[in-house]
There are 2 protein chains.
Amino acid sequence: MRLLIVEDEPNLGNQLRNALEGAGYAVDLATDGEEGHFLGSTETYDAVILDLGLPEVDGLTVLDRWRREGKTTPVLVLTARDSWSDKVAGLDAGADDYVAKPFQTEELIARLRALIRRASGNASAELTAGDIRLDTRSGKVTKDGEPVKLTAQEYKLLSYLLHHKGKVVSRTELIEHIYDQDFDRDSNTIEVFVTRIRKKLGPDVITTIRGLGYSLEEPAGVA
Amino acid sequence: MRLLIVEDEPNLGNQLRNALEGAGYAVDLATDGEEGHFLGSTETYDAVILDLGLPEVDGLTVLDRWRREGKTTPVLVLTARDSWSDKVAGLDAGADDYVAKPFQTEELIARLRALIRRASGNASAELTAGDIRLDTRSGKVTKDGEPVKLTAQEYKLLSYLLHHKGKVVSRTELIEHIYDQDFDRDSNTIEVFVTRIRKKLGPDVITTIRGLGYSLEEPAGVA
DNA sequence: ACATGGTTGTCAGGCGAGTGTCAGGAGAGC
DNA sequence: GCTCTCCTGACACTCGCCTGACAACCATGT
């Protein structure tokens with residue numbers, strides 16, 4: 001899962017980045033509205049955290065532009081506390097959720113998780129495929145009810161595939177969503193991690209679509 | 001366990017704070033409704049003690065706002081002795097328990113404990129995991145029936161993990177709940193205390209989830 | 001006031017899991 | 001059979017975590 005933070009205040013921005021990276025997200029940080037809008041328009045993110053009070057271009061404007069461009073990425077807006085007018089305006093512009101500043105990191109993360117879950121159309125916090133089960137809240141994975149120990153990267157990869165169950169996901173797409181901007185794009189880490197996951201969860205969990213990428217399917221009628 | 005006290009009368013407020021800190025809680029104190037609401041909205045507490053007669057914004061209003069914002073933190077309300085109307089109103093606004101002023105500190109603490117226990121879904125005053133047993137009433141910990149002497153911080157840490165048994169708890173979350181507002185966030189005290197607890201209770205009590213945090217599990221079927 | 005014992009937070013060194021790179025091998029598709 | 005893609009075992013390096021030692025800080029009793 002990859003996030004964009006648009007926040008001009010350096011302290012808060014970095015603090016946020018650290019917290020979210022700690023929570024297992026890949027994070028890009030933009031420090032003004034111009035850069036934020038640019039990144040949001042050109043890169044793909046699973047969610048955006050947008051501060052409203054920004055230099056150059058106001059946060060609301062950025063949000064509005066994205067929506068006009070047809071971007072549907074879920075956006076979580078940071079508002080100053082008490083600023084109800086901001087909230088209303090934000091709603092109109094198409095924000096998906098709010099957190100009042102200053103905020104508690106845990107709450108922000110919880111809301112983000114909910115946002116991403118909603119956006120990918122999953123009602124529940126649990127993602128499943130066959131006998132594999134992943135709980136996004138506790139961060140635990142089980143197979144046949146047996147807990148399986150995954151490392152951070154393995155978890156990210158599996159979680160992304162589960163969020164896009166049934167679709168074919170290219171290696172590039174995976175790299176873009178699991179790592180942040182500056183990461184060597186011609187590396188075979190993804191293959192390596194797919195292998196490692198297959199070792200832990202069984203060879204049939206992830207299907208290779210030769211030349212295109214990988215896909216995680218709900219196993220067909222076979223019992 | 002971290003508490004918020006909202007109490008305008010300085011004597012009572014400080015007295016409460018001392019008593020509760022003595023009982024092993026991390027305590028923040030707000031002296032008016034505005035500040036109280038702000039802290040309650042932005043920080044995470046395990047419970048709130050709320051006086052109803054407050055300057056600026058009334059206690060009931062504060063409570064009502066929190067509930068509208070979706071806060072589910074358990075709230076214990078302090079009411080004047082005979083003010084039944086307050087109680088009724090408080091109930092409507094979503095208070096979880098009452099203590100009539102003037103009150104006995106011990107009673108308050110007992111009720112708080114019950115409140116927190118209920119909120120975390122534990123029926124009993126005892127938290128257990130394997131052969132570890134923690135009595136929240138007496139504040140005593142035993143392993144295999146043998147009493148174990150824990151220091152205050154060790155106890156807090158263990159207790160928080162037990163309250164969240166099975167979940168992965170990040171180092172940040174632990175810091176936020178064990179210490180009060182201003183505490184250096186990048187310090188390795190948590191690691192140190194985990195080590196110390198492991199020394200006293202055995203190395204397998206607390207599991208490290210690399211990159212994410214710690215977790216306290218009910219040991220699997222193995223006898 | 002002073003001494004004492006215990007508790008708490010900081011630091012630095014060390015260790016190991018986790019991660020990415022590589023290279024050789026297997027298999028699909030033509 | 002040849003080629004291109006993907007798989008996978010081994011290795012090196014990094015970074016996170018552990019842990020022993022120290023110093024500051026209480027609380028307590030004298």
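A note on names: the letters A, B, ... follow the listed sequences, proteins ahead of strands, and every chain is numbered from 1. Since the model is a prediction, treat every value here as computed from it, not as a measurement.
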Contact under 4.0 Å: Thr208(A) side-chain N or O vs dC7(D) OP1/OP2: yes
Under 4.0 Å protein heavy-atom contact, by nucleotide of nucleotides 14-20 of chain C - B base, S sugar-phosphate only: --BBSBB
Side chain of Tyr214(A) - closest among dT8(D), dC6(D), dA12(C): dC6(D)
Separation of dT8(C) C1' from Ile175(B) CD1 (nearest whole Å): 14 Å
CZ-CD distance between Arg117(A) and Glu126(A), expressed to the nearest 0.5 angstrom: 10.5 Å
Spacing of Leu157(B) atom CG relative to dG9(C) atom P, expressed in whole Å: 11 Å
4.5 Å side-chain heavy-atom contact, Ile116(A) and Tyr25(A): yes
Heavy-atom side-chain contact between Leu20(A) and Ile109(A) under 4.5 Å: yes
Atom pair CD/CG of Glu7(B) and Leu50(B) - distance to nearest 0.5 Å: 9.5 Å
Nearest-0.5 Å distance, OG1 of residue Thr73(A) to CG of residue Asp46(A): 8.5 Å
Residue-phosphate contact under 4.0 Å: Lys199(A) side-chain N/O, dG9(D) OP1/OP2: yes
Separation of atom CG in Asn18(A) from atom P in dC15(D), rounded to whole Å: 14 Å
Helix axis bend for the helix from dA1(C)-dT30(D) to dC30(C)-dG1(D) - C1'-based end axes, five pairs, 10° rounding: 30°
Side chain Asp28(A), main chain Leu4(A), donor-acceptor under 3.5 Å: no
Stepwise salt bridge (Lys or Arg N to Asp or Glu O under 4.0 Å) test for Arg2(B) and Glu176(B): CA-CA 8 Å; Arg2(B) 191 172 166 208; Glu176(B) 283 178 356; 5.6 Å; no
Gap between atoms CG and P, on Leu212(B) and dC15(D) respectively (whole Å): 18 Å
Interatomic distance where CD1 belongs to Ile197(B) and C1' belongs to dT19(D) [whole Å]: 15 Å
Tyr179(B) and Thr189(B): CA distance, side-chain angles, deciding distance, side-chain contact (heavy atoms from CB on, under 4.5 Å) verdict: CA-CA 11 Å; Tyr179(B) 300 96; Thr189(B) 23; 4.1 Å; yes
Rounded interatomic separation in angstrom, taking CD from Glu191(B) and C1' from dT8(C): 15 Å
Listed once per pair and sorted, the side chain to side chain donor-acceptor pair (under 3.5 Å) pairs that draw on residues 200-216 of chain A, sequence neighbours left out: Glu154(A)-Lys200(A), Arg198(A)-Thr208(A), Ser215(A)-Glu217(A)
Side chain to side chain donor-acceptor pair (under 3.5 Å) pairs, two or more places apart, involving residues 12-21 of chain B: none
Spacing of Glu21(B) atom CD relative to dT7(C) atom C1', expressed in whole Å: 16 Å
No-H, no-angle donor-acceptor pair, Asn188(A) side chain to dT8(D) base, under 3.5 Å: yes
Approximate separation, where rounding is to 0.5 Å, of Leu216(B) CG and Leu158(B) CG: 6.5 Å
Near-strand residues of residues 164-172 of chain A, defined as heavy-atom separation under 4.0 angstrom from DNA chain D: Arg171(A)
Any Thr195(B) side-chain N or O less than 4.0 Å from OP1/OP2 of dT19(D): yes
With sequence neighbours excluded, residues passing ring-ring contact (aromatic ring centres under 6.0 Å, His included) with Tyr160(A): His164(A), His177(A)
